[in-house]
Protein chains: 2
Amino acid sequence: MATRTDAPTRREQILREAARLFAERGFHGVGVDEIGAAVGISGPGLYRHFAGKDAMLAELLVGISGQLLTGAKRRVREADGGSADVLLDSLIEGHIDFALDDRPLITLHDRELDRLRDTDRKLVRQLQRQYVELWVSVVREVYPTLPEPAARSAVHSVFGLLNSTPHLGRPGSLPGRGATAELLHRMARGAFAAAGTD
Amino acid sequence: MATRTDAPTRREQILREAARLFAERGFHGVGVDEIGAAVGISGPGLYRHFAGKDAMLAELLVGISGQLLTGAKRRVREADGGSADVLLDSLIEGHIDFALDDRPLITLHDRELDRLRDTDRKLVRQLQRQYVELWVSVVREVYPTLPEPAARSAVHSVFGLLNSTPHLGRPGSLPGRGATAELLHRMARGAFAAAGTD
DNA sequence: CAGGGAGGTTAGCGGTCGTTAACCTGAAGG
DNA sequence: CCTTCAGGTTAACGACCGCTAACCTCCCTG
């Protein structure tokens, strides 16, 4: 067969397996030997690709936060001039896609942040904050009576709802990806609507 | 028999601090010396009260799951003969109280389960499953058209929403405990309503 | 008032972990 | 054909961690 569009580089392979293992057993619960074994090399061979175990986690978390924020900004741009209501649906859809397709990353993203070095942690926190604030502004446009602190709480809570995908049973026991995505979407909108209705 | 308002025993003190530390830095990220220091004794002194570090986590997780389930069963009993709608509100209220008052435990409860020994993990899983199924049956009574798999997914998602309290900022930056509880309650009901409306 | 248990202490052992050092190898390039 | 180098290997080091051993010291009680 012809080479695929992008053969996954070894770095990406390592990051993928590291994410899975970190999500399963926690950052401190996984040894570098295990990560190496997961990609067919062993232990110290990883140091040809990363400065250390911390660097893998940092790259994962920065990547996640950046990807979420970039995607959200793109959606805002594409919806320019449209209704805030449609934009909110778009944001929800994007977040659900991410939560369903990259469960290990979603798990890491709100679990292992404190294991980062100061500089990396601040960067991730900043990206996450921008993402939240973007949502908050859209939510407040859809529900103008909702005070900002309540809107921010509501956004965090809806993230909790959408990020519950890892608890939803392994893919296969679900009613199907599309049905699950739609259910989550409806629930998120329902939650926001309930928050915005005094 | 035991009086109800005892001064916290050393065991309880240890469990409390261990829960906080485990939630902050992860089970593997906390050393026994730190736990000891948090209660004013040092390291190995903990072994006068617990068989080991694992035993502390086990007691915490079994305690959480059991407490949630017991509380839910009590609420079902007290609501006997009443409407399922009121009962669902009662369950939500109980879960919110727990999520707001014991944030470290809520964090541990869905994060460190895999660090348990087989026997303990199975016990915790069983308690959690009973708790979920209790919610599912109540939700299906309130929204009879909702299929069981969808109801179960909805329950897990609402747990994700309610358990988002640790992300809501330290207590003090919130609009107040009562207002936060009410907001979470409304959002949970809104999410369920959206799930149950085809 | 002996003595024994509850609840501490410090020293240290054995194992694990992240990381480095030193070495190997196959393929590309002039 | 020789060199270079990316990408591996194994050995080993130092730090840390969970836990045990050995010992101490109150306080309660018969």
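Numbers restart at 1 for each chain; the letters A, B, ... are given by sequence-line order, proteins then strands. Keep in mind it's a predicted model, so treat the numbers as computed, not measured.
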Presence of salt bridge, A:E17 and A:R20, under 4.0 angstrom: yes
Whole-Å distance, A:F50 CZ to D:dG7 P, equals 12 Å
How far does the helix from C:dC1-D:dG30 to C:dG30-D:dC1 bend, going by the axes of its first and last five pairs, to the nearest 10°? 10°
Grab the CZ-P distance between A:F27 and C:dT16 for me, whole Å please. 20 Å
Examine D:dC17: is either OP1 or OP2 under 4.0 Å from a nitrogen or oxygen in the side chain of A:H28? Give yes or no. no
Would you say the side chain of B:M187 lies within less than 4.5 Å of the side chain of B:L162, judging by non-hydrogen atoms? no
To the nearest angstrom, the CD-C1' distance between A:E34 and C:dC17 comes to 11 Å
Would you indicate what A:V39 reaches in the nucleic acid, counting non-hydrogen atoms under 4.0 angstrom: base, sugar-phosphate, or nothing? nothing
Whole-Å distance, B:I14 CD1 to C:dG7 P, equals 10 Å
Please determine whether the number of non-hydrogen atoms from other residues, nucleotides or ligands lying under 6.0 Å from atom CZ of B:R16 exceeds 12. no
Compare the minimum distances between each of C:dT19, C:dG8, D:dC19 and the side chain of B:R48, then state the nucleotide with the smallest one. C:dG8
Atom CZ of A:R25 and atom C1' of C:dC17 are separated, to the nearest Å, by 14 Å
Check ion pair B:R77-B:D80 (N to O, under 4.0 angstrom): no
For C:dG8, does either OP1 or OP2 sit under 4.0 Å from a side-chain N or O belonging to B:H49? yes
Judged by each residue's nearest nucleotide on DNA chain C, which is more toward the 5′ side, A:P44 or A:G29? A:G29
Please report, rounded to the nearest Å, how far the C1' atom of D:dT10 is from the CG atom of A:L46. 15 Å
Got a sec, which pairs hit salt bridge (charged side-chain N to carboxylate O under 4.0 Å, His left out) with one end in residues 47-61 of chain B, sequence neighbours left out? B:R11-B:E59
Atom-to-atom span, CD1 of B:I41 to P of C:dG7 - whole angstrom: 10 Å
To the nearest angstrom, how far is B:D54 atom CG from D:dG18 atom P? 10 Å
Hey, does the side chain of A:R10 come within less than 4.0 Å of D:dG8's phosphate (OP1/OP2), counting only N and O? yes
Are the charged groups of A:D120 and A:R117 less than 4.0 angstrom apart, N to O? no
Under-4.0 Å salt bridge between A:R125 and A:D114: yes
What contact category does A:G31 fall into here, base, sugar-phosphate, or nothing, at under 4.0 angstrom with non-hydrogen atoms? sugar-phosphate
Using a cut-off of 4.0 Å on non-hydrogen atoms, how would the nucleic acid contact of B:G43 be classed: base, sugar-phosphate, or nothing? nothing
